[in-house]
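To start, the structure itself, in structure tokens.
Whatever order the structure lists ligands and atoms in, that order sets their numbers, starting from 1. Hydrogens, waters and symmetry mates are skipped; everything else that's a heavy atom, side chains included, is used.
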Amino acid sequence: MKKRIFSGAQPTGELHIGNYLGALKNWVALQDDYEAFYCIVNLHAITLPQDPNSLREKTLDLARIYLAAGVDPQRSTIFIQSDVAEHAELTWVLSCISRMGELERMTQFKDKGKGNSGAGVGLFTYPVLMASDILLYQTDLVPVGQDQKQHLELSRDLAERFNRDYGVAFKIPEPYIPKAGASIKSLQDPAKKMSKSDENLNGSIFLLDDADTITKKIKRAVTDSGTEITFDESRPAINNLLTIYQLVTDKTQDECLAQFEGKGYGQFKGELAEATVEFLRPFQARVKDYDDDALSRILRTGAEKARSIAAATLSDVYAKMGLR
Ligand code: AMP
Ligand code: TRP
């Protein structure tokens with residue numbers, strides 16, 4: 001039997017090339033060898049206030065993005081988190097075995113909510129919902145960017161704790177974090193990751209940016225002192241740009257180094273802009289491929305398949321805890 005993978009992204013903001021290179025690209029590659037579940041995590045999105053109409057729209061847009069990136073609905077299950085009630089139900093159960101201290105240590109919570117008594121409780125329990133997503137499907141592998149590693153460790157801890165205290169109900173999932181691209185940085189500040197919530201729009205290349213916009217953003221990207229174009233963590237701006245180049249062209253590091261040896265930043269940025277535009281072109285063309293009906297069918301079928309697996313796990317969990 002094929003091993004299982006599960007991953008998801010939030011239908012908030014606009015997806016950027018960091019999401020693509022850190023996560024989506026691997027989702028597509030892994031679906032050949034794994035039984036894959038790709039979820040649109042709209043329940044995570046409401047941990048911050050969302051406009052209902054815009055949330056509905058963004059949820060479908062994100063499904064289109066998964067499909068355009070190459071997630072194949074014949075092979076992989078694509079579904080909306082809120083269509084499968086078990087995600088919320090298991091979250092309650094896992095909340096009851098989670099500890100305040102371990103959730104307080106989550107860096108995403110520290111960044112977004114800690115110390116602010118007006119912050120929503122959902123921001124605090126966010127990683128428990130994520131653990132439920134993963135554990136409901138007896139997931140073997142979770143392809144994510146570096147920023148999700150800590151949440152994945154929590155998922156493993158909760159699974160191990162439940163299995164130990166109530167009997168084995170969950171598989172212990174492994175993270176899959178790519179060697180290159182796990183943390184693409186802002187083009188304006190390479191100390192920060194490229195992020196949907198960055199106010200400086202020049203820091204991110206969005207997946208639906210047109211060629212002109214992409215070229216302008218790359219031309220404006222900050223660089224490091226010096227002139228060499230190398231993979232070197234101590235020169236994070238150039239390292240980041242070269243990593244993007246490597247991933248959008250599928251070249252090896254050596255090929256990239258050889259190509260830009262002795263060349264200036266100007267020329268490098270020109271070639272990077274061109275390669276990025278080319279990389280996104282077929283993706284952007286496919287985003288309009290699915291009309292609303294086709295999309296609804298895919299999501300409905302996806303939710304049914306997901307529900308059948310999630311329900312089996314949840315009923316085992318309830319039985320083991322004495323709930324039914
Ligand atoms: P999100 O949009 O926050 O739901 O993230 C979706 C996926 O993209 C997750 O697997 C993240 O780890 C990944 N991701 C987000 N930002 C970056 C980044 N700057 N570089 C690499 N991967 C990222
Ligand atoms: N928390 C993840 C993020 O912000 C999204 C997510 C929710 C997820 N549930 C998941 C990723 C389950 C992998 C597996 O990127």
If we number the atoms of ligand 1 from 1 as shown, the ones under 4.0 Å from a heavy atom of Gln148 are 12 (O)

Per-atom filter on ligand 2: closer than 4.0 angstrom to a heavy atom of Gln10 are 4 (O)

Ranked by distance from atom 12 (O) of ligand 1, the top protein heavy atom is Asp147 OD1, 2.5 Å

Gln81 and Asp133: side chain donor to acceptor below 3.5 Å: yes

Is a donor from one side chain sitting under 3.5 angstrom from an acceptor on the other, for Thr313 and Glu86?
no

Per-atom filter on ligand 1: closer than 4.0 angstrom to a heavy atom of Gly22 are 21 (C), 22 (N)

Is His16 in contact with ligand 1, taking contact as a heavy-atom separation below 4.0 Å? yes

Numbered in order shown, the ligand 2 atoms found under 4.0 Å of a heavy atom of Ile134 are 12 (C), 14 (C)

(request) Report yes or no: does Tyr66 contribute a side-chain atom to a donor-acceptor pair with the main-chain N or O of Ala9 at less than 3.5 Å? (result) yes

Counting heavy atoms under 4.0 Å, the part of Leu129 that contacts ligand 2 is neither

for atom 20 (N) of ligand 1, nearest protein heavy atom and its distance come out as Ile184 N, 2.8 Å

Check: Between the main-chain N or O of Pro73 and the side-chain N or O of Ser76, is there a donor-acceptor pair closer than 3.5 Å?
Finding: no

Taking only non-hydrogen atoms of Ala23 and a 4.0 Å limit, the atoms of ligand 1 in range are 7 (C), 8 (O), 10 (O)

Within the 4.0 Å heavy-atom cut-off, what Ala9 brings close to ligand 1 is both

Counting heavy atoms under 4.0 Å, the part of Lys185 that contacts ligand 1 is neither

So for Val144 against ligand 1, with non-hydrogen atoms under 4.0 Å, the contacting part is both

| Is the shortest distance from a Lys or Arg side-chain nitrogen in Arg297 or Asp292 to a carboxylate oxygen in the other one below 4.0 Å? | no

Is Gly8 close to ligand 1, meaning an N/O of one under 3.5 Å from an N/O of the other? no

Item to complete: Kindly check if the number of other-residue, nucleotide or ligand heavy atoms within 6.0 Å of CD (Glu274) is above 12?
Response: no

Hey, does the side chain of Asp209 reach the backbone of Ile214 with a donor-acceptor pair shorter than 3.5 angstrom? no

Atom 9 (N) of ligand 2: closest protein heavy atom, distance to 0.1 Å, is Asp133 OD2, 2.7 Å

Report yes if the distance between the aromatic ring centroids of Phe279 and Tyr20 is under 6.0 Å, otherwise no.
-> yes

Exercise. Does any N or O in the side chain of Gln246 come within less than 3.5 Å of the main-chain N or O of Leu241, such that one atom is a donor and the other an acceptor?
Worked result: no

Near Val41 (heavy-atom distance under 4.0 Å), the atoms of ligand 2 are 7 (C), 9 (N)

Review point. Side chain of Asn163, backbone of Phe170: donor and acceptor closer than 3.5 Å?
Key: yes

Of all protein heavy atoms, the one nearest atom 5 (C) of ligand 2 is Gly8 O, 3.6 Å

For atom 15 (C) of ligand 1, the closest protein heavy atom turns out to be Asn19 ND2, 3.2 Å

So for Ser7 against ligand 1, with non-hydrogen atoms under 4.0 Å, the contacting part is neither

(message) Under a 3.5 Å cutoff, is there a donor and acceptor pairing between the side chains of Thr91 and Ser132?
(response) yes

Numbered in order shown, the ligand 2 atoms found under 4.0 Å of a heavy atom of Val142 are 13 (C), 14 (C)

Just by distance, no angles: are the side chains of Thr213 and Asp210 close enough, under 3.5 Å, to form a donor-acceptor pair?
yes

For atom 15 (O) of ligand 2, the closest protein heavy atom turns out to be Gln148 NE2, 3.3 Å

Any heavy atom of Asp147 under 4.0 Å from ligand 2? The part involved is neither

Item to complete: Examine Pro143 against ligand 1 and note whether any of their N/O atoms are separated by less than 3.5 Å.
Response: no

So the atoms of ligand 2 within less than 4.0 Å of a heavy atom of Tyr126 turn out to be 1 (N), 2 (C), 3 (C), 4 (O)

Near Val144 (heavy-atom distance under 4.0 Å), the atoms of ligand 2 are 11 (C), 13 (C)

Looking only at protein heavy atoms, what sits closest to atom 10 (O) of ligand 1 is Gly145 N, 3.2 Å

Discussion item. Quick one about Gln259 and Tyr245 (side-chain donor to acceptor, distance below 3.5 Å, no hydrogens or angles considered), yes or no?
Written reply: yes

Centroid separation under 6.0 Å, is that true for the rings of His151 and Phe109?
no

Near Lys196 (heavy-atom distance under 4.0 Å), the atoms of ligand 1 are 1 (P), 2 (O), 4 (O)

Exactly one candidate in Asp250, Val248, Leu30 meets side-chain contact (heavy atoms from CB on, under 4.5 Å) with Lys25; the answer is Asp250

| said: I'd like to know if the side chain of Gln50 reaches the main chain of Ala45, judged simply by a donor and an acceptor atom lying under 3.5 Å from each other, with no hydrogens or angles considered. | reply: yes

A student checking ligand 1 against Ala182 at a 4.0 Å heavy-atom cut-off should list atoms 20 (N), 21 (C), 22 (N)

